[in-house]
Protein chains: 2
Amino acid sequence: MSQTVRRALSIIEFFAERPRSLGEIAEHLGVHKSTALRLLQTLERGGFARSVDGRYTVGFRMVAIAHQAVEHLELHPVAHPHLVRLGDRYGHTVHLAQLVDDEIIYVAKVDGRGALKMRSRVGRAVNPHTSGVGKAILAHLDEPSRDRFLARLTYQRHTATSITTPAAFRQELARIAERGWAEDDGEFEDFVNCVAAPVRDARGRVVAAASITALRALAPLDQLREHLPQLTETCAAISRDLGWTGDQRP
Amino acid sequence: MSQTVRRALSIIEFFAERPRSLGEIAEHLGVHKSTALRLLQTLERGGFARSVDGRYTVGFRMVAIAHQAVEHLELHPVAHPHLVRLGDRYGHTVHLAQLVDDEIIYVAKVDGRGALKMRSRVGRAVNPHTSGVGKAILAHLDEPSRDRFLARLTYQRHTATSITTPAAFRQELARIAERGWAEDDGEFEDFVNCVAAPVRDARGRVVAAASITALRALAPLDQLREHLPQLTETCAAISRDLGWTGDQRP
DNA sequence: AGCAGTGGTTGCAACACTTGCAACAGATGG
DNA sequence: CCATCTGTTGCAAGTGTTGCAACCACTGCT
């Protein structure tokens, strides 16, 4: 492990929260300001940092690389048009989360027409046991992968409806697998609910899930459920674009 | 400047193009594979790299930070809903580019409904002399800033219609400033054209521009011009949301 | 005007950290 | 079963990093 690189990444994490001055950064790292400055200059020359009146923040080279990376995730370009159509139709927020190496990551997001924005962010990991997309994916995963995943969960409680025991969660997953879709009844934030459905790749394996999310005050769960036909059709369309013929369901 | 950090950034640039193996990366840097591995492990632990079957690529921590950074650019959250509405209306690609420290950067993009995607990418710098947004911003910039900008331009020719001399470009900017909007008549790629209009901040200064872009075969320039009222209205709406009252126009 | 508090810069000496090496485990594939 | 690859480790050598001190330039305050 490289100390210097670790420090550089730590700087990026630090000024990503909000722009930071040289002094703040040096103090945060616990190094002399000249040391911090030399690291910052290297980041700046690479486009990973930029300075604006004495404060440093994320550089645009880094933004461009990250966007490119998402577009390279084979799922994103295929799914995005479908998600936009779904978002248009109801004006609610639409998410797509993908299973990628033992993590479930938001890879696309279409903001709803409401004034409030969901706090989710492309690139961030999903909370598996308190999200519609997380449960939709886990419920349809093959046995060994699911077990591996579940073993790492902590079942932290976020709201009154959060599922907090392995047994209850397995039961919930079984129910989801049976009916083919999942919901989040305010399990992460009590004023937010959603419905979610799985997306399959060419071999029929569940690799992602899409969801329609809304404030409970704006669209309670029973109203979101009415959109399930369109949601599952959207997921089916994405799956078809990925090459799934509906033949296999392992 | 830190050699180690420079190497780390170079690695990121390298595997951003496409996933790379340890051997490739070591060779690219001209270092021993154990050295490359140690840097990679540091990046991986920070979430800036991830490995998938022996090849490395961009990690999700980096994606999340970059998305956060764009959302923190005060312009993006304000403008995005307006751009989406504009994109919906005609089905063409909509861009927003922002002037930020001597560069013009794409900060939002709404893909059109066509099968082809524009090659632009959020986070990337705009080509100022061959793009609608670039010209729209430059034309409405204050004298000193514009001169500083123009001094750095190279006027590279991309297509037959590219403007390649400072004199012709200044003339074009004057015309744009007068009528209040710009166009790109296949000046970067001959099969793509667009119309663009400026966005002003609370103090009346032009800080960004929005454009409607389409394949010439799908929507030639004279057809795009018909959308100008909606485009300028969109830009005015964004400007209003930024606090512009229309009083000042420096 | 003077002062205190910033950010930014530089040369240098000391040494901590990085580097290359070599050797090996383990996986993969012709 | 050999060839080739990634991944890992301990170690010696020395290069690159670090802290320091002193400095300039700028800002805002008194």
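Just so we're on the same page: letters track the sequence lines, and every chain starts at 1. Hydrogens, waters and symmetry mates play no part in the numbers below; they use all other heavy atoms, side chains included.
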> Side-chain donor-acceptor pair under 3.5 Å between A/S162 and A/H129, yes or no?
Replying inline: no
>> Need one value for B/E24: base, sugar-phosphate or nothing, where a base atom within 4.0 Å counts as base even if backbone is also close, heavy atoms only.
In response: nothing
> Hey, can you pull the residues of residues 51-59 of chain B with a non-hydrogen atom under 4.0 angstrom from DNA chain C?
Replying inline: none
> What is the distance, rounded to the nearest whole Å, between atom CG of B/L29 and atom C1' of C/dT18?
Replying inline: 14 Å
>> Quick check against the 3.5 Å criterion: does B/R205 have a side-chain atom that pairs as donor or acceptor with the backbone of B/R200?
In response: no
> What's the CG-C1' distance between B/L37 and C/dC24, to the nearest Å?
Replying inline: 15 Å
> Does NZ or CZ of A/R157 lie under 6.0 Å from the centre of the six-membered ring of A/Y155, at an angle within 45° of the ring axis?
Replying inline: no
> Would A/R55 and A/D53 pass as an ion pair if we require N to O under 4.0 Å?
Replying inline: no
>> Could you check whether any side-chain heavy atom of A/K135 comes within less than 4.5 Å of a side-chain heavy atom of A/E187, counting everything from C-beta outward?
In response: yes
>> Regarding B/E27 and B/K33, does a basic nitrogen lie under 4.0 Å from an acidic carboxylate oxygen?
In response: no
> What one-letter contact string describes nucleotides 17-23 of chain D from 5' to 3', where B marks a base within less than 4.0 Å of any protein heavy atom, S marks contact via sugar-phosphate atoms alone, and - marks no contact?
Replying inline: SBBB---
> Ignoring hydrogens and geometry, is there a side-chain-to-backbone donor-acceptor pair from B/R20 to B/F14 under 3.5 Å?
Replying inline: yes
>> According to side chain to side chain donor-acceptor pair (under 3.5 Å), who are the partners of A/D102, at least two apart in sequence or on a separate chain?
In response: A/R148
> To the nearest angstrom, how far is B/L40 atom CG from D/dT8 atom P?
Replying inline: 11 Å
